Protein chains: 2
Amino acid sequence: MAARAARGGHHGVSIEDVAEAAGVSTATVSRAVRGLPRVSETTRQRILQVAAELGYVASSAASGLATGRTRTIGVLAPYVDRWFFYKALEGVERELHQEGYNLSLFSLDSRTRERQRTFTKTMVAKHIDALLVLCMALSMEEIDELRRLDIPLVAVGGPVEGCPSVGIDDVKAAALATRHLLELGHRDIGILHGQDDDDDLNFKVPALRVDGFRAELERHGVPFRPEWEVNGNFTLASGAEAFDELWARPGPKPSALMCASDEMAMGVVLQARRHGVRVPEDLSVIGIDDHEFSSVMGLTTVGQDPVDQARSGTRMLLDELTGKTGAVRDVGAGFELILRSTTAAPAAR
Amino acid sequence: MAARAARGGHHGVSIEDVAEAAGVSTATVSRAVRGLPRVSETTRQRILQVAAELGYVASSAASGLATGRTRTIGVLAPYVDRWFFYKALEGVERELHQEGYNLSLFSLDSRTRERQRTFTKTMVAKHIDALLVLCMALSMEEIDELRRLDIPLVAVGGPVEGCPSVGIDDVKAAALATRHLLELGHRDIGILHGQDDDDDLNFKVPALRVDGFRAELERHGVPFRPEWEVNGNFTLASGAEAFDELWARPGPKPSALMCASDEMAMGVVLQARRHGVRVPEDLSVIGIDDHEFSSVMGLTTVGQDPVDQARSGTRMLLDELTGKTGAVRDVGAGFELILRSTTAAPAAR
DNA sequence: TTGAAAGCGCTAACAT
DNA sequence: ATGTTAGCGCTTTCAA
């Protein structure tokens with residue numbers, strides 16, 4: 001056979017090489033390098049020494065094959081170039097490498113409509129011990145497929161049917177943002193929310209935030225105004241477009257806008273100012289997230305911490321893998337109102 | 001022994017199971033599922049059918065061990081939550097999954113000062129067939145270590161000593177931005193650049209952009225003014241701080257500022273406006289990158305495309321792995337001046 | 001405390 | 001076109 005051998009064995013310092021050089025068996029080397037008991041301290045030192053000299057590093061394929069574990073966890077995300085996702089990714093990365101685990105990234109956006117296959121083909125391919133799903137629109141079949149993987153699963157940043165998740169309570173967060181506007185005295189409040197994509201996709205976040213918004217309005221006896229509802233896609237550009245759309249519609253304008261993401265909120269603020277609509281004098285704007293640009297922009301928002309959410313999700317996965325069954329469970333993440341300068345009491349009309 | 005067996009074999013549909021069910025040998029199954037020749041079409045269909053029914057997926061550990069290949073490539077990045085990096089990551093991801101490869105992410109920021117170990121320990125651990133380095137500050141020892149990996153290597157977004165790289169010509173890009181300011185008539189031009197981190201780290205991008213800036217100034221006979229030079233770290237916040245610092249210094253102010261990144265440029269624009277300094281009337285600002293926020297912000301910039309650069313780097317790696325030696329080489333990426341509304345001729349003084 | 005040896009699931013000669 | 005077989009490099013009983 002000789003796959004590697006044929007390649008000249010140029011870089012193949014194997015456990016056997018170490019064993020030979022140290023004058024012990026491979027079993028002992030294995031115990032020694034993994035810090036297992038049943039090796040005398042002197043032997044261990046000698047082995048470690050030799051291993052270092054030879055530049056030995058265990059083959060993950062081999063140990064993976066022998067143990068059935070890969071020491072890598074997968075992260076499934078719809079995008080990696082959007083705020084919540086790259087922040088969360090950073091969090092997973094940090095938690096993981098600290099434990100010597102590897103991170104395997106799977107990005108499945110809606111473009112990739114041949115997802116079904118990708119799913120099983122590549123990831124199930126047993127190279128991951130656990131999977132962290134970042135707030136994704138998933139069909140029920142896809143969710144089922146994930147569950148069939150039979151590995152620890154956790155969702156971060158949005159609920160996934162039948163899978164423990166860590167994230168903020170979107171209804172409450174949206175309600176908090178809305179309440180701030182109401183308490184300022186606003187009654188003419190519009191909403192810029194994310195879109196519900198395809199309905200068959202199990203992605204609830206946008207709808208939950210709208211729910212929180214409407215509930216809070218109702219609680220204060222303020223009517224929901226459909227003509228002030230606009231659809232965005234969480235990006236800055238869509239926020240700017242939303243402003244244009246709203247202002248192009250006939251009729252009175254809202255005095256405040258609650259946006260489902262900071263990026264959209266910033267788009268609104270920028271576009272509003274460009275069109276001579278003063279923020280917050282003429283229009284109050286509040287977002288959700290606390291994007292790293294928000295403080296410089298002076299954006300009032302309901303902040304959340306994706307890095308932390310991801311770390312916590314990762315930790316649960318890791319714990320589960322190290323035997324602590326029940327480690328993975330639903331966890332509510334924190335969020336708080338951050339007052340800055342894009343909201344103020346409405347001008348007298 | 002029975003690692004897997006002990007686990008109950010609950011999810012272990014092995015090649016042997018398929019072979020048995022299909023009434024052929026494992027060798028034939030292997031050929032069939034991998035689409036190799038030397039299998040009759042009818043047999044192949046039958047095997048594929050059976051494999052699908054059983055939900056068979058090859059163990060990557062096993063095939064990796066047998067072939068010496070893992071079908072995953074590594075990406076080494078200092079951050080994942082910064083523009084260039086998450087964009088590039090998106091590019092790598094897209095190119096890779098399209099080919100059925102996996103992406104293993106290693107994020108090594110400066111915080112992680114126990115990098116040395118992480119390097120060899122985890123990544124060299126033979127789970128990657130090739131490595132793409134995203135514009136990182138690396139020490140010479142680290143670079144050497146990477147080279148010793150003896151796998152295809154490519155850098156994206158910045159030169160890495162002794163390693164082919166794809167990216168823009170930073171000197172020329174900075175010169176282009178500077179020239180635009182000069183041609184507008186500016187003579188009092190400041191620069192906001194990235195910092196050179198530790199000097200022992202091989203991270204040239206900031207310095208190259210300064211070089212381009214100074215060279216272009218010189219070419220036009222305009223003096224370089226050290227009092228208008230500020231240090232940033234590529235982020236929006238650092239751009240805002242830089243503006244404050246510059247405006248706090250005694251003496252005359254520049255009429256234009258060339259920023260080494262769009263994020264910093266936006267920070268400057270936002271902070272300037274907040275302090276009543278009009279852009280571009282009082283101050284022209286140009287960036288480098290073409291961040292997704294730049295068009296809405298109206299920021300004039302020299303645009304580059306990290307997604308594309310990353311895809312191209314990835315493709316070279318993949319080509320190299322499929323036998324096309326020499327596929328990995330230095331490639332210059334495109335960049336272009338994008339005129340928007342943060343630059344204008346200087347006001348008469 | 002240490003070693004021998006049997007796999008883990010797959011691939012690749014080599015034979016048929 | 002298909003089967004046999006010997007590993008790939010590690011882990012893990014089990015015995016010493």
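Throughout, a chain's letter reflects where its sequence line sits, starting with A, and its residues are numbered from 1. What you see below is based on every heavy atom in this structure, not just the backbone, and it leaves out hydrogens, waters and symmetry mates. The structure displayed is predicted, hence computed values, not measured ones.
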Please report, rounded to the nearest Å, how far the [atom2] atom of [N] is from the [atom1] atom of [X].
{"X": "B/R69", "N": "C/dG9", "atom1": "CZ", "atom2": "P", "result": "24 Å"}
{"X": "B/E16", "N": "C/dG7", "atom1": "CD", "atom2": "C1'", "result": "12 Å"}
{"X": "B/E41", "N": "D/dT2", "atom1": "CD", "atom2": "P", "result": "10 Å"}
{"X": "B/D17", "N": "C/dC8", "atom1": "CG", "atom2": "P", "result": "11 Å"}
{"X": "A/H127", "N": "C/dG9", "atom1": "NE2", "atom2": "P", "result": "16 Å"}
{"X": "A/Q45", "N": "C/dT2", "atom1": "CD", "atom2": "P", "result": "12 Å"}
{"X": "A/E20", "N": "D/dG9", "atom1": "CD", "atom2": "P", "result": "14 Å"}
{"X": "B/R46", "N": "D/dA1", "atom1": "CZ", "atom2": "P", "result": "14 Å"}

Which listed nucleotide ([options]) is nearest to the side chain of [X]?
{"X": "A/A62", "options": "D/dG9, C/dA5, C/dC10", "answer": "D/dG9"}
{"X": "B/A27", "options": "C/dG3, D/dT11, D/dT4", "answer": "D/dT4"}
{"X": "A/A58", "options": "D/dG9, D/dC10, C/dT11", "answer": "D/dC10"}
{"X": "B/S40", "options": "D/dT2, C/dG9, D/dT11", "answer": "D/dT2"}
{"X": "A/L65", "options": "C/dG9, D/dT11, D/dT4", "answer": "C/dG9"}
{"X": "B/T67", "options": "C/dA12, C/dC8, D/dC8", "answer": "C/dA12"}
{"X": "A/S30", "options": "D/dT2, D/dT12, C/dG9", "answer": "D/dT12"}
{"X": "A/V24", "options": "C/dG3, D/dG9, D/dT11", "answer": "C/dG3"}

Please list, chain by chain and in numerical order, all residues satisfying side-chain hydrogen bond (donor to acceptor under 3.5 Å, both in side chains) with B/E320, sequence neighbours excluded.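 B/E320 satisfies side-chain hydrogen bond (donor to acceptor under 3.5 Å, both in side chains) with no other residue.
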Tell me whether the side-chain N/O atoms of [X] come closer than 4.0 Å to OP1 or OP2 in [N].
{"X": "A/T43", "N": "C/dT2", "value": "yes"}
{"X": "A/S59", "N": "D/dC10", "value": "no"}
{"X": "A/S25", "N": "C/dG3", "value": "yes"}
{"X": "B/R34", "N": "C/dA12", "value": "yes"}

Specify whether B/F106 and A/H97 have parallel, tilted or perpendicular ring planes, treating 30° as the upper limit for parallel and 60° as the lower limit for perpendicular.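 Taking A/H97 first and then B/F106, their aromatic rings sit tilted (interplane angle of 30° to 60°).
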Using a distance-only test with no angle check, is there a side-chain donor-acceptor pair under 3.5 angstrom linking B/H127 and A/S60? yes
Looking just at side-chain N and O atoms, do A/E53 and A/Q49 make a donor-acceptor pair shorter than 3.5 Å?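 There is such a pair between these side chains.
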Walk me through it: do A/R315 and A/D319 pass the test salt bridge (charged side-chain N to carboxylate O under 4.0 Å, His left out)? CA-CA 6 Å; A/R315 180 111 302 286; A/D319 285 348; 3.1 Å; yes
How many angstroms lie between atom OG of B/S30 and atom CG of B/L36, to the nearest 0.5 angstrom? 7.0 Å
Considering all heavy atoms of both residues, which atom of A/V13 and which atom of A/V18 are nearest to each other, and what is their separation?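 Scanning both residues, the minimum pair turns out to be CG1-CG2, 4.4 Å.
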Position toward the 5' end of DNA chain D (nearest nucleotide), B/R44 or A/I15: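 Its nearest nucleotide lies further toward 5', so the answer is B/R44.
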Flag this pair as yes if the NZ/CZ of A/R82 is under 6.0 angstrom from the six-membered ring centre of A/Y79 and inside a 45 degree cone about the axis; otherwise no.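 Yes, A/R82 lies over the aromatic ring of A/Y79.
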Tabulated below should be each protein N or O lying under 3.5 Å from an N or O of nucleotides 14-16 of chain D; please produce it.
none

